[in-house]
Asks: 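Dumping the structure here so I can ask a few things about it.
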Amino acid sequence: MTVGLERFEQIIEAYGANPRHWPEQERAAAEHLVAHSEAARAMLASAAELDAWLDAALDPVPSDLLAHRVLKAAPRPNRTFGWASGAGWAVAAAAGLVLGLSWGQQVQLTNQAYDALDQATTWSVDEAEYFG
Amino acid sequence: MTNDPDEDLVLRVGRGDAAAARALVAGKLPRMVRLAYRMLGDLQAAEDVAQEAMLRAWKQAPAWQPGAARFDTWLHRVAINLCYDRLRRRREVLSDTLPEQVDDGPSPDQGWIDRDQSRQVQAALAALPERQREAVVLCHFQELSQTEAAELMSVSVEALESLLARGRRGLRTALSDLAPERIGR
């Protein structure tokens, strides 16, 4: 692809002097023109003046409170999904075993089932995790 | 995997990954505040728009479909639409109360602006027609590609270039009026 002076002027007028802002498919050809054309370099200098003015404007800085408010509303892990995962099935299996065993064993296994239940449910998200 | 650099983060956010949410906020919230500020000229309004855009992203994340649109472009579209809602409401209020006095420039007491140049740039942007301002903000300040900006604005690339060229001419004229010693017409 080649870019002539006429098209180069259109590119400069629209996108300014920074090659990063130029259309990707024309960028290399436009840069080649700049390297070989005094007229293209003159156009570039004029556009660069406006770019420099715009780029010197300070960016607004969002408040910390804004980020805090947004993070507080971020999605949390789905607890229902957790019950369908391995830990959830482990609890169900443990509970099933309890029903099929003798009373003496039942007490011991019930305790194990409660332990598994704790493990499956204590992974709820701590607020502090979100805010470091 | 698509060519969306944010895809992995968004999918993780959708699964409730707190670290991904922090990373997305760090990367996108300041960007959305800048976008809205350049469009509205009001920091408080810009923060409100950025917050609402991010809240909509949280709602969208669990159902995010990779490949449908780049997340950054989608988020820009949400924020731009919110900006236009505010600009429309502002016009309605002004037409009801102050028909002869329209000033979209920033208030002089915004403490974070400590340089005349920033105020002048914002005043020049505010003086542009909205579509020209949008094109300049998306392509120059937000550095979207021409394809992304044209798609977001629902215009052809040729129409985008026309808006950009007229916008930049308007900025040059406005800035040369505001600071003739610094920039020529």
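By convention in this document, chain letters (A, B, ...) are assigned in the order of the sequence lines, proteins followed by strands, and residues within each chain are numbered from 1.
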Asks: Check A:D51 with B:R168, please: is the shortest side-chain N to carboxylate O separation under 4.0 Å?
Replies: yes
Asks: How long is the gap from CG on A:L58 to CD on B:Q122, to the nearest 0.5 Å?
Replies: 11.0 Å
Asks: For B:L29 and A:A67, work out which heavy atoms get closest and say how close.
Replies: CD2-CA, 3.6 Å
Asks: Find out whether B:R34 and A:P60 are in side-chain contact, i.e. whether some heavy atom of one side chain is under 4.5 Å from a heavy atom of the other.
Replies: yes
Asks: Decide yes or no for B:V33 and A:L66: does some side-chain heavy atom of the first lie under 4.5 Å from some side-chain heavy atom of the second?
Replies: yes
Asks: Can you tell me how far apart CG (A:L50) and OG (B:S176) are? Round to the nearest 0.5 Å.
Replies: 10.0 Å
Asks: Strictly distance-based, threshold 3.5 Å: is any side-chain N or O of B:W58 a donor or acceptor partner for the main-chain N or O of A:V70?
Replies: yes
Asks: Just by distance, no angles: are the side chains of B:H140 and A:D55 close enough, under 3.5 Å, to form a donor-acceptor pair?
Replies: yes
Asks: Hydrogens and angles aside, do B:Q146 and A:Q25 bring a side-chain donor and acceptor to less than 3.5 Å of each other?
Replies: yes
Asks: Which atom names give the shortest non-hydrogen contact between B:P30 and A:P62, and what distance separates them?
Replies: CA-CG, 3.8 Å
Asks: What's the spacing between B:L144 CG and A:H21 NE2 if we round to 0.5 Å?
Replies: 10.0 Å
Asks: Non-hydrogen atoms of chain B under 4.5 Å away: do they reach the side chain of A:A47, the backbone, both or neither?
Replies: both
Asks: Measure the CD-OG distance between A:E24 and B:S145 for me, rounded to the nearest 0.5 Å.
Replies: 8.0 Å
Asks: Taking side chain as everything from C-beta outward and backbone as N, CA, C, O, which of these in B:R15 sits under 4.5 Å from a heavy atom of chain A? Side chain, backbone, both or neither.
Replies: backbone
Asks: What part of B:R166 gets within 4.5 angstrom of chain A, counting heavy atoms only: side chain, backbone, both, or neither?
Replies: neither
Asks: Within the 4.5 Å heavy-atom criterion, are B:E161 and A:E13 side-chain neighbours or not?
Replies: no
Asks: Measure across B:S118 and A:A56 and return the closest heavy-atom pair with its distance rounded to 0.1 Å.
Replies: OG-O, 4.3 Å
Asks: Give the minimum heavy-atom separation between B:R172 and A:S46, together with the two atoms involved.
Replies: NH2-O, 2.7 Å
Asks: Should the pair A:R20-B:E143 be classified as a salt bridge under the 4.0 Å nitrogen-to-oxygen rule?
Replies: yes
Asks: Quick one: what part of B:V13 sits under 4.5 Å from any heavy atom of chain A, side chain, backbone, both or neither?
Replies: both
Asks: Find out whether A:L54 and B:L175 are in side-chain contact, i.e. whether some heavy atom of one side chain is under 4.5 Å from a heavy atom of the other.
Replies: yes
Asks: Quick check: closest heavy atoms across A:S63 and B:E47, and the distance to 0.1 Å?
Replies: N-OE2, 2.9 Å
Asks: Any Lys/Arg nitrogen of A:D59 or B:R38 sitting under 4.0 Å from an Asp/Glu carboxylate oxygen of the other?
Replies: yes
Asks: Report which part of A:I11 has an atom under 4.5 Å of a heavy atom belonging to chain B: side chain, backbone, both, or neither.
Replies: neither
Asks: Can A:R69 and B:E52 be counted as an ion pair, charged N to O under 4.0 angstrom?
Replies: no
Asks: Flag the one option from B:M32, B:M54, B:Q51 with the top tally of heavy-atom pairs under 4.5 Å to chain A.
Replies: B:Q51
